[in-house]
Trainee: 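Dropping the structure in here first, questions after.
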Amino acid sequence: MYHYKLVFRLEENWLPREMDRIVISFFKAAVQSYSQDFYEKLYSKKQSIIKGFTYSYLLPGAKFNRERIDLQKEEFSLFFSDVNFTELLHFFNAFQKMKYKKYSMNGNSMELAAVHMKRLNEIKENEIVVKMQSPLMVRKHNSGDNSDIYYTCEMEGFEEALKENIDIFLDRMGINVTTENFSIQTIKGKKVVSPVFGRNTDASLGIFKLTGSCQLLNVLYLAGMGVRRSEGHGKFEIIG
């Protein structure tokens with residue numbers, strides 16, 4: 001089990017507030033430069049494609065303002081993981097093709113300086129304590145009126161909605177793992193508001209205890225939890 005640490009250098013020591021647009025655009029450019037077939041597999045406009053990867057940021061000294069994120073220095077890191085190891089290797093090749101190229105972003109630019117592959121320890125326990133590295137977004141969709149409710153860890157129905165999100169992900173990815181014994185317990189959590197393509201959306205950050213089979217927990221470790229994982233949500237680190 002592995003994930004990548006991508007190190008980016010910036011022209012100026014700030015980032016746009018809506019980083020999801022920039023990073024997804026960067027991913028698409030990287031994948032398309034590497035392989036058109038791989039690009040169509042992930043980003044075809046003909047259908048909605050659920051993805052097996054997730055990512056989070058490390059933003060040194062970040063100060064979040066209305067329009068941008070100010071940093072201590074002209075650098076930030078991104079951690080990327082994928083439940084599909086073959087796909088993960090394809091992304092490595094795609095990222096390598098983007099190294100040392102300036103990528104413009106609204107009056108600033110970023111440049112991928114390094115890609116490090118790091119080993120992750122396999123989960124061998126049925127209970128783990130995790131800290132969210134990116135906001136956990138949990139959604140329940142009402143097909144009747146095509147509306148969505150986003151649950152935070154402070155709301156009743158949070159665990160049920162998260163389990164439903166995980167079940168949908170496993171089914172659409174063809175991963176034969178059960179959520180029968182899955183549970184999530186909030187140890188220290190809070191509601192946050194995360195911008196998603198210009199729309200402020202409720203999510204959760206904090207420390208949680210996850211219970212489930214080792215197979216399930218390892219899938220979630222690599223793919224993330226909840227919805228909008230491939231847009232920088234739901235990635236966690238194990239702290240206990």
Trainee: For a side-chain contact (heavy atoms from CB on, under 4.5 Å) check, start with the C-alpha distance between Lys41 and Glu87, then their side-chain angles and the critical distance, and finish with the verdict.
Mentor: CA-CA 11 Å; Lys41 178 184 174 184; Glu87 193 168 276; 4.0 Å; yes
Trainee: If every non-hydrogen atom of Ser134 is compared with every non-hydrogen atom of Gly234, which pair is closest and at what distance?
Mentor: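 For Ser134 and Gly234, the tightest heavy-atom pair comes out as OG-N, 3.2 Å.
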Trainee: Using the ring pair (Phe, Tyr, Trp, His ring centres under 6.0 Å) criterion, which residues pair with Phe158? Sequence neighbours excluded.
Mentor: none
Trainee: I need the full list of salt bridge (charged side-chain N to carboxylate O under 4.0 Å, His left out) pairs touching residues 108-117, with sequence neighbours left out, sorted by first then second residue.
Mentor: none
Trainee: Tell me the side chain to side chain donor-acceptor pair (under 3.5 Å) pairs involving residues 224-240, sequence neighbours left out?
Mentor: Ser81-Lys235, Ser194-His233, Arg228-Glu231
Trainee: Work out which heavy atom in His3 is nearest to a heavy atom in Phe80; give both atom names and the distance.
Mentor: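 Looking at all heavy atoms of both residues, the closest pair is CB-O, 3.1 Å.
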Trainee: Do Val130 and Ile239 have side-chain heavy atoms sitting under 4.5 Å apart?
Mentor: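 Sidechains of Ile239 and Val130: no contact.
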Trainee: Is there a path of hydrophobic side-chain contacts, each under 4.5 Å between heavy atoms, that joins Leu42 and Ile175?
Mentor: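 No, because Leu42 and Ile175 fall into different hydrophobic clusters, even though each may have its own neighbours under 4.5 Å.
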Trainee: Between Phe182 and Ile166, is there a side-chain heavy-atom distance shorter than 4.5 Å?
Mentor: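 Side-chain contact under 4.5 Å: yes.
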Trainee: Do Tyr57 and Val193 belong to the same hydrophobic cluster, where Ile, Leu, Val, Met, Phe, Trp and Tyr are linked whenever their side-chain heavy atoms lie under 4.5 Å apart, directly or via other members?
Mentor: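 No, Tyr57 and Val193 fall in different hydrophobic clusters.
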Trainee: What are the two closest non-hydrogen atoms of Ile69 and Pro16, and how far apart are they?
Mentor: CD1-O, 3.8 Å
Trainee: In the hydrophobic clustering that connects Ile, Leu, Val, Met, Phe, Trp and Tyr at side-chain heavy-atom distances below 4.5 Å, which members other than Phe79 occupy its cluster, ordered by chain and number?
Mentor: Leu58
Trainee: Do Glu18 and Val196 touch side chain to side chain, with heavy atoms closer than 4.5 Å?
Mentor: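 When only atoms from C-beta onward are counted, Val196 and Glu18 do not touch, as no gap falls below 4.5 Å.
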Trainee: For residues 70-77, please give each side-chain donor-acceptor pair under 3.5 Å, one per line with the distance, not counting sequence neighbours.
Mentor:
residue: Asp70; atom: OD1; partner: Arg68; partner atom: NE; Å: 2.9
residue: Asp70; atom: OD1; partner: Arg68; partner atom: NH2; Å: 3.2
residue: Asp70; atom: OD2; partner: Asn65; partner atom: ND2; Å: 2.7

Trainee: Rounded to the nearest 0.5 Å, how far apart are OH of Tyr151 and CZ of Arg139?
Mentor: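 Here the rounded value is 12.5 Å.
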Trainee: If I compare all heavy atoms of Ala203 with all of Pro135, which pair ends up nearest, and what's the gap?
Mentor: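 Shortest heavy-atom separation between Ala203 and Pro135 comes out as CB-CB, 3.7 Å.
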Trainee: Below 4.5 Å, heavy atoms only, C-beta onward: do Ser44 and Ile49 meet side chain to side chain?
Mentor: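 Of all side-chain heavy-atom pairs linking Ile49 with Ser44, at least one is under 4.5 Å.
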Trainee: Treating Ile, Leu, Val, Met, Phe, Trp and Tyr as nodes and any side-chain heavy-atom pair under 4.5 angstrom as an edge, say whether Ile207 and Met132 lie in one connected cluster.
Mentor: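 In one cluster with Ile207: Met132, no.
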Trainee: Consider only side-chain heavy atoms of I, L, V, M, F, W and Y, link residues closer than 4.5 Å, and tell whether Leu88 and Tyr39 are in one cluster.
Mentor: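 In one cluster: yes.
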Trainee: Nearest 0.5 Å, please: how far is NZ in Lys5 from NE2 in His116?
Mentor: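 It is 6.0 Å, given to the nearest 0.5 Å.
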Trainee: Identify every side-chain donor-acceptor pair in residues 212-222 under 3.5 Å, counting partners at least two apart or on other chains, and give the distances.
Mentor:
residue: Ser213; atom: OG; partner: Leu216; partner atom: N; Å: 3.1
residue: Asn218; atom: OD1; partner: Ile123; partner atom: N; Å: 2.8
residue: Asn218; atom: ND2; partner: Ile123; partner atom: O; Å: 3.0
residue: Asn218; atom: ND2; partner: Cys214; partner atom: O; Å: 2.9

Trainee: Can you run down the salt bridge (charged side-chain N to carboxylate O under 4.0 Å, His left out) pairs that involve residues 189-198, sequence neighbours left out, and say none if there aren't any?
Mentor: Lys191-Asp202
Trainee: His90: which residues meet the ring pair (Phe, Tyr, Trp, His ring centres under 6.0 Å) condition with it, sequence neighbours left out?
Mentor: Tyr34, Phe38
Trainee: Answer yes or no: is there a donor N or O on one side and an acceptor on the other, between the side chain of Thr178 and the main chain of Glu180, under 3.5 Å?
Mentor: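 Yes; at least one donor-acceptor contact below 3.5 Å.
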Trainee: Looking at Thr86 and Asn84, would you say the former's side chain and the latter's main chain have a donor-acceptor pair under 3.5 Å?
Mentor: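 Absent.
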Trainee: To the nearest 0.5 Å, tell me how far Ser109 OG sits from Arg9 CZ.
Mentor: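 With rounding to 0.5 Å, OG (Ser109) is 12.5 Å from CZ (Arg9).
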Trainee: Locate the shortest heavy-atom distance separating Ile184 from Met225; write the atom from each residue and the value.
Mentor: CD1-CE, 4.5 Å
Trainee: Distance check, rounded to the nearest 0.5 Å: Phe208 atom CZ versus Leu162 atom CG?
Mentor: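 CG of Leu162 is found 9.5 Å from CZ of Phe208.
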Trainee: Quick test of your reading: applying side chain to side chain donor-acceptor pair (under 3.5 Å), list the pairs with at least one residue in residues 118-128, sequence neighbours left out, ordered by first then second residue.
Mentor: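 Every side chain to side chain donor-acceptor pair (under 3.5 Å) pair that includes a residue of residues 118-128, provided the two are not neighbours, is Tyr2-Arg119.
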Trainee: What's the separation between atom CD1 in Ile128 and atom CD1 in Ile238, rounded to the nearest 0.5 Å?
Mentor: 4.5 Å
Trainee: Please check if the distance between the ring centroids of Phe91 and Tyr4 is under 6.0 Å.
Mentor: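 Aromatic pair excluded; centres sit 6.0 Å or further apart.
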Trainee: Should we say atom CZ of Arg21 is surrounded by more than 12 heavy atoms from elsewhere, each under 6.0 Å from it?
Mentor: yes
Trainee: What pairs meet the side chain to side chain donor-acceptor pair (under 3.5 Å) rule with one or both residues in residues 155-176, with sequence neighbours excluded?
Mentor: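 Of all non-adjacent pairs touching residues 155-176, those that pass side chain to side chain donor-acceptor pair (under 3.5 Å) are Lys140-Glu164, Asp167-Thr179.
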Trainee: Is there a path of hydrophobic side-chain contacts, each under 4.5 Å between heavy atoms, that joins Trp14 and Met110?
Mentor: no
Trainee: Under 3.5 Å, which donor-acceptor pairs do the side chains of residues 92-107 form with other protein atoms, sequence neighbours left out?
Mentor:
residue: Lys101; atom: NZ; partner: Lys97; partner atom: O; Å: 3.0
residue: Tyr103; atom: OH; partner: Ser25; partner atom: O; Å: 3.1
residue: Tyr103; atom: OH; partner: Ser25; partner atom: OG; Å: 2.4

Trainee: Can you find a pair of side-chain heavy atoms, one from Ile50 and one from Phe169, that are under 4.5 Å apart?
Mentor: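 Yes - at least one pair of side-chain heavy atoms lies under 4.5 Å apart.
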Trainee: Between the side chain of Asp82 and the main-chain N/O of Ala223, is any donor-acceptor distance below 3.5 Å?
Mentor: no
Trainee: Where the side chain of Lys188 meets the backbone of Thr186, is there a donor-acceptor pair that is under 3.5 Å apart?
Mentor: no
Trainee: Under the ring pair (Phe, Tyr, Trp, His ring centres under 6.0 Å) rule, collect the residues that match up with Tyr150, sequence neighbours excluded.
Mentor: none
Trainee: Can we call the ring centroids of Tyr43 and Phe27 under 6.0 Å apart?
Mentor: no
Trainee: Of all the heavy-atom pairs spanning Leu10 and Leu15, show the shortest one and how long it is.
Mentor: CD2-CD2, 3.6 Å
Trainee: Taking the side chain as every heavy atom from C-beta outward, state whether Val23 and Leu78 have any pair of such atoms under 4.5 Å apart.
Mentor: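 Side-chain contact under 4.5 Å: yes.
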Trainee: What's the spacing between Asp20 CG and Tyr55 OH if we round to 0.5 Å?
Mentor: 6.0 Å
Trainee: Answer whether the closest heavy-atom distance between the side chains of Ile187 and Val129 falls below 4.5 Å.
Mentor: yes
